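The structure under discussion appears below in the form of structure tokens.
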Amino acid sequence: MSSSYKVTLIPGDGIGPEVVNAAVRILEATGVKFEWESYAAGAEAFEKYHEYIPKELTESIERTHVGLKGPVTTPIGGGFSSINVALRKQFELFANFRPIRNLPAVPTRYPGVDLVIVRENTEGLYSGIEHEVVPGVVESLKIITEKASTRISRFAFEYARRMHRKKIHAIHKANIMKLSDGLFIRCSRNISKEYPEITYGEHIVDNTCMQLVMNPYQYDMLLLENLYGDIISDLCAAFVGGLGLVPGANFGHECAIFEAVHGSAPDIAGKDIANPTAVLRSGILMLRHLGEENAANHIRLALEKVYTERTHVTRDVGGTAGTSEFADAMVEALHTIPPPQPELHEVEL
Ligand code: ATP
């Protein structure tokens with residue numbers, strides 16, 4: 001615990017500034033003190049600094065070791081490379097962690113989902129190594145290394161052991177990509193032997209999509225390389241009410257950056273209708289990372305209250321409230337619910 005936490009804030013663009021500002025208000029309402037160091041990234045930063053990731057932003061993360069980030073738009077089919085991916089590579093944030101849990105009274109097809117997705121964050125098809133071989137033919141390289149595959153497997157199994165999770169499935173397409181995905185599952189299989197209390201399985205990614213939709217409860221934790229992790233995360237977000245609700249964290253050995261699973265959602269940007277819950281729940285993960293368990297649990301209780309009452313929830317989950325009305329209700333709830341005592345059995349969300 002500290003009297004004040006320095007945190008690098010990247011509001012991002014599209015719905016980013018709206019949802020991040022709402023989350024910041026709610027985080028501050030817990031009484032935890034933050035010193036936010038706020039920086040633009042992406043197209044907005046380029047206009048100002050002629051850099052997509054300004055030096056000042058990099059230096060801030062090196063100083064604070066913790067970031068809370070909104071989505072930054074990645075141009076499709078051309079333009080600059082993803083800032084999200086670049087930050088993960090620059091700070092070696094090798095583990096992308098995405099817990100999927102229902103909130104009360106959000107209409108979904110599947111109640112009581114409790115899944116954890118662990119995604120390798122630094123390589124695979126996200127290596128961004130693409131070139132045109134001859135006009136009309138391009139090549140994109142999928143890089144899988146023993147080092148990164150072992151490191152992410154170790155992260156997943158350590159988390160499972162610490163949080164008493166029961167099962168990990170490594171997800172792959174090693175029947176087709178025999179070398180690359182073959183290496184990935186060989187590494188996870190090797191690591192799994194050191195954790196006999198955790199059941200280990202392997203499923204092919206296309207079958208996993210079907211299995212998830214048929215019965216998501218058969219899985220406990222999913223361990224995936226980069227691209228499969230991206231796709232399966234959005235699929236799993238739908239189990240609990242959509243992208244507006246699902247948080248994420250990127251962990252490295254030195255730094256951690258907390259961000260929602262969703263993108264900049266330009267279709268709803270600037271209208272005060274986006275749901276800030278995904279960024280806020282990323283803030284819950286950040287509070288736990290900082291050791292502020294009570295504040296994290298306090299927000300969790302306030303979320304349960306606001307969602308159970310349903311009068312101030314946003315449209316994506318069937319309500320009518322705007323982003324700021326939801327934030328007001330959360331601040332009010334934090335002021336009326338007493339802060340909880342530390343819980344014996346910690347849950348993330
Ligand atoms: P990216 O490829 O940049 O990760 P994405 O494919 O995940 O982006 P989003 O920009 O997140 O796509 O948006 C997908 C859909 O989900 C859009 O229709 C958007 O309106 C909706 N959506 C995303 N985030 C939110 C949110 N916070 N609140 C409400 N709706 C959202």
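For the numbers below, each heavy atom of this structure counts, side chains included, while hydrogens, waters and symmetry mates do not. Everything quoted here is computed from the prediction, not taken from an experiment.
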- Query: Does K167 have any side chain to side chain contact (heavy atoms under 4.5 Å, CB included) partners at least two apart in sequence or in another chain, and if so, which?
  - Reply: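 Listed in chain order: H169, T199, D220.
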
Minimum side-chain heavy-atom gap [X]-[Y] below 4.5 Å:
X: I83; Y: T74; value: no
X: V24; Y: E28; value: yes
X: R101; Y: V240; value: no
X: P11; Y: S38; value: yes
X: V317; Y: T277; value: no
X: F97; Y: V116; value: yes

Assign the ring pair [X] / [Y] to parallel, tilted or perpendicular, where the plane angle (0 to 90°) is split at 30° and 60°.
X: F34; Y: Y5; answer: tilted
X: F155; Y: Y159; answer: parallel
X: F94; Y: H253; answer: tilted

How about [X]: does its [atom1] atom have over 12 heavy atoms from other parts shown lying under 6.0 Å from it?
X: R151; atom1: CZ; answer: yes
X: R63; atom1: CZ; answer: yes
X: E197; atom1: CD; answer: yes
X: E254; atom1: CD; answer: no
X: M214; atom1: CE; answer: no

Atom pair [atom1] ([X]) and [atom2] ([Y]), whose distance is rounded to the nearest 0.5 Å:
X: F157; Y: I198; atom1: CZ; atom2: CD1; result: 6.0 Å
X: N297; Y: T30; atom1: CG; atom2: OG1; result: 11.5 Å
X: I53; Y: E51; atom1: CD1; atom2: CD; result: 9.5 Å

Within the distance-only criterion (no hydrogens, no angle test), does the side chain of [X] pair as donor or acceptor with the backbone N or O of [Y] below 3.5 angstrom?
X: E18; Y: D272; value: yes
X: N275; Y: T314; value: no
X: S282; Y: A278; value: yes
X: S188; Y: F184; value: yes
X: T336; Y: A333; value: yes
X: E292; Y: V32; value: no
X: R281; Y: L245; value: yes

- Output, in order, the C-alpha distance, side-chain angles, deciding distance and verdict of side-chain contact (heavy atoms from CB on, under 4.5 Å) for R165 and D114. CA-CA 10 Å; R165 309 283 312 198; D114 179 10; 3.2 Å; yes

- Run the salt-bridge test on E158 and R162 with the 4.0 Å N-O cut-off and return the result as yes or no.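 Answer for the salt bridge query: no.
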
- Message: Check this for me: does any side-chain nitrogen of one of E259 and R88 sit under 4.0 Å from a carboxylate oxygen of the other?
- Response: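 Salt bridge between E259 and R88, a charged N being under 4.0 Å from a carboxylate O: yes.
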
- Between F258 and F251, does the ring centroid distance fall short of 6.0 Å?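 Yes - the distance between ring centres of F258 and F251 falls below the 6.0 Å cut-off.
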
- What closest approach, in Å, do I10 and A41 show between heavy atoms, and which atom pair accounts for it?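 Distance-wise, the nearest heavy atoms are CG2-CB, 4.0 Å.
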
- Walk me through it: do T64 and E37 pass the test side chain to side chain donor-acceptor pair (under 3.5 Å)? CA-CA 9 Å; T64 63; E37 300 188 5; 5.7 Å; no

- Message: Using the rule given for side-chain contact (heavy atoms from CB on, under 4.5 Å), can you reason through H172 versus V205, listing the C-alpha separation, both sets of side-chain angles and the distance that settles it, and then say yes or no?
- Response: CA-CA 5 Å; H172 66 93; V205 64; over 6 Å; no

- Return yes if a side-chain donor-acceptor contact under 3.5 Å exists between Y39 and T8, otherwise no. no

- Message: Under the criterion side-chain contact (heavy atoms from CB on, under 4.5 Å), I'd like the reasoning laid out for M221 against L115: C-alpha separation, chi angles, the key distance, then a yes or no.
- Response: CA-CA 6 Å; M221 286 182 66; L115 260 176; over 6 Å; no

- Evaluation steps, side-chain contact (heavy atoms from CB on, under 4.5 Å), between V213 and L235: CA-CA 9 Å; V213 174; L235 173 69; 4.0 Å; yes

- Could you name each residue pair satisfying side chain to side chain donor-acceptor pair (under 3.5 Å) that touches residues 221-249, not counting sequence neighbours?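 Passing the test, one end in residues 221-249: R98-S233, R119-N226, Y126-D230, K142-E225, K142-Y228, D181-Y228.
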
